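Below is one structure, written out as structure tokens; the observations come after it.
The structure displayed is predicted, hence computed values, not measured ones.
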Amino acid sequence: MSIEIISSQKSFGGWHKRYKHRSEVLDCDMVFAVYLPPQAERAGKLPVLYWLSGLTCTDENFMQKAGAQRIAAELGIIIVAPDTSPRGPQVAADPDGAWDFGLGAGFYINATENPYAQNYQMYDYVVSELPALVETHFPASDARSISGHSMGGHGALVCALRNPGRYRSVSAFSPISNPMKCPWGEKAFSRYLGNDRSKWREWDASVLIETASEKLPLLIDQGESDDFLENQLMPGTLTRAADKAGHTITLRLQPGYDHSYYFIASFIEDHLRHHAQALK
């Protein structure tokens, strides 16, 4: 479980660092980013927020654009941002070069269909392999929270709903809430998982929430001017499923905001404080 440092920059008294390592789960080299708040040098082990980014992103988008470091430094929270898919010349990509499938679009599930099954095991990577690596090499405790945006919001919800007790809290920005019934999700699931839709259900938050044994409160922010709101994200489906299951959900529809990191940067402090309350 060795890691190789790529870069390091001081930020709000702490350090933003990028690392490369060989992933056994994904069968390729991977890059991830870590923000270590100043408390990491003196306070023992700290809680960790895992951030899952959306389509086309890498570890760099959130760390550069969200403005999360200032609040993380105040709260003493480590932030870990993995890549959004396996990478490398041997990793299967979209045959047409599309941006919404394959490289940059792992959807945080475990693929079962060839040629994707060999590398696209992003769920196992995020839930198990990466946290084990982080907790080995950094002053990181096993107090974990998870959040994400769009495809990453879908991933955060699924990881939390499928793993009771593993995370202290969960939140999302503009999550793909019902991927079984939206174009992005149908494309990805049919190629990664095959055409048997019954197998898709275990990767859909709006389905999983109906029988979730742990009911972590869900905080979701959604821009009302998001171009993808109606046909791709469908937060109302998740809200109705949560209400039916008695699962606490706070869906905040934010007037005028779109799908961009300007939106995330506007409300990331609320999410970090939501997680800090649970982590401490």
Any Pro37 side-chain heavy atom under 4.5 Å of Leu46 side chain: yes
Test item: Asp243 side-chain N/O and Arg240 main-chain N/O as donor-acceptor pair under 3.5 Å: no
More than 12 heavy atoms from other groups under 6.0 Å of NZ on Lys20: no
Ring centres under 6.0 angstrom apart (His259, Phe228): yes
ILVMFWY cluster, Met180 and Met234 together (side-chain gap under 4.5 Å): no
Beyond-backbone contact of Val127 with Asn163, side-chain heavy atoms, under 4.5 angstrom: yes
Check: His137 ring centroid to Tyr19 ring centroid under 6.0 Å: no
Heavy-atom pair of closest approach, residues Phe263 and Gln254: CE1-CG, 3.9 Å
Ring centres under 6.0 angstrom apart (Tyr123, Tyr108): no
Close side-chain approach of Ile268 to Phe62, heavy-atom, < 4.5 Å: yes
Within the 6.0 Å centroid threshold, strictly below: Phe267 and His149: no
Nearest heavy atoms of Ser53 and Tyr261, plus distance in Å: OG-OH, 3.6 Å
Verdict with reasoning, Ile78 to Tyr35, per side-chain contact (heavy atoms from CB on, under 4.5 Å): CA-CA 6 Å; Ile78 295 172; Tyr35 177 68; over 6 Å; no
Single-linkage hydrophobic cluster Ile249~Leu229, side-chain heavy atoms < 4.5 angstrom: no
Distance (rounded to the nearest 0.5 Å) between Glu24 CD and Tyr125 OH: 12.0 Å
Sub-4.5 Å side-chain heavy-atom contact between Glu113 and Tyr192: no
Gln277, CD atom: more than 12 neighbouring heavy atoms under 6.0 Å: no
Reported CD-to-CD distance for the pair Gln69 and Gln9, which is rounded to 0.5 angstrom: 10.0 Å
Atom pair OG1 (Thr58) and CZ (Arg18), whose distance is rounded to the nearest 0.5 Å: 6.0 Å
Pairing of Arg252 and Glu224 as salt bridge, 4.0 angstrom limit: no
Flag, side chain of Glu214 to backbone of Gly165, donor-acceptor distance under 3.5 Å: yes
N/O donor-acceptor pair under 3.5 Å between Asn119 side chain and Leu26 backbone: yes
Flag side-chain contact, heavy atom, 4.5 Å: Trp51 against Ser147: yes
Donor-acceptor pair, side chain of His274 and main chain of Val170, under 3.5 angstrom: yes
Distance (rounded to the nearest 0.5 Å) between Met1 CE and Leu130 CG: 9.0 Å
Shortest non-hydrogen separation from Ala117 to Asn114 and the atoms involved: CB-OD1, 3.9 Å
Non-hydrogen side-chain atoms of Ser8 and His16 separated by less than 4.5 Å: no
Ile109 CD1 to Gln121 CD distance, which is reported to the nearest 0.5 Å: 9.0 Å
Euclidean distance, Ser150 OG relative to Asp226 CG, rounded to 0.5 Å: 7.5 Å
Any side-chain heavy-atom pair of Pro86 and Tyr120 under 4.5 Å: yes
Cluster check Tyr50, Phe138: I/L/V/M/F/W/Y, side chain < 4.5 angstrom: yes
same_hphob_cluster(Leu55, Trp203) at 4.5 Å side-chain heavy-atom cutoff: yes
Flag, side chain of Ser11 to backbone of Gly14, donor-acceptor distance under 3.5 Å: no
Under 3.5 Å donor-acceptor, Gln39 side chain and Ala73 backbone: yes
Expected output: side-chain Ser85 to main-chain Gly104 donor-acceptor under 3.5 Å: yes
Joint cluster assignment, Ile264 & Val80, ILVMFWY side-chain distance < 4.5 Å: no
side-chain contact (heavy atoms from CB on, under 4.5 Å) assessment of Phe107 paired with His154: CA-CA 8 Å; Phe107 269 82; His154 141 76; 4.0 Å; yes
Thr136 side chain vs Val134 backbone, donor-acceptor pair below 3.5 Å: no
Flag if over 12 foreign heavy atoms under 6.0 Å of NZ, Lys181: no
Under-4.0 Å salt bridge between Arg191 and Glu186: no
Note: Asp27-Arg22 ion pair, threshold 4.0 Å (strictly below): yes
Nearest atoms (heavy-atom pairs only) where Leu219 meets Asp270: CD2-O, 4.3 Å
Met151/Thr84 under side-chain contact (heavy atoms from CB on, under 4.5 Å): CA gap, chis, key distance, verdict: CA-CA 9 Å; Met151 177 186 71; Thr84 52; 3.9 Å; yes
Stepwise side-chain contact (heavy atoms from CB on, under 4.5 Å) test for Gln232 and Ile176: CA-CA 6 Å; Gln232 299 283 13; Ile176 302 174; 5.7 Å; no
Salt bridge flag under 4.0 Å for residues Lys187 and Asp94: yes
Pairwise side-chain contact, Asn110 with Met122, heavy-atom cut-off 4.5 Å (strictly under): no
Salt-bridge contact Arg162-Glu202 (side-chain N to carboxylate O under 4.0 Å): yes
Short side-chain donor-acceptor distance under 3.5 Å, Glu135 and Ser141: no
Lys/Arg-Asp/Glu bridge criterion (N-O < 4.0 Å) met for Arg87, Asp29: no
Non-hydrogen atoms of Gly256 and Ser225 that approach each other most closely: CA-OG, 3.5 Å
Check ion pair Arg70-Glu74 (N to O, under 4.0 angstrom): no
Over 12 foreign heavy atoms within 6.0 Å of CG, Asp142: yes
Arg201 to Phe189 six-membered ring, cation-pi geometry met (6.0 Å, 45°): no
Heavy-atom closest pair, residues Gln222 and Ser174: OE1-CA, 3.3 Å
Donor-acceptor pair, side chain of Trp15 and main chain of Val34, under 3.5 angstrom: no
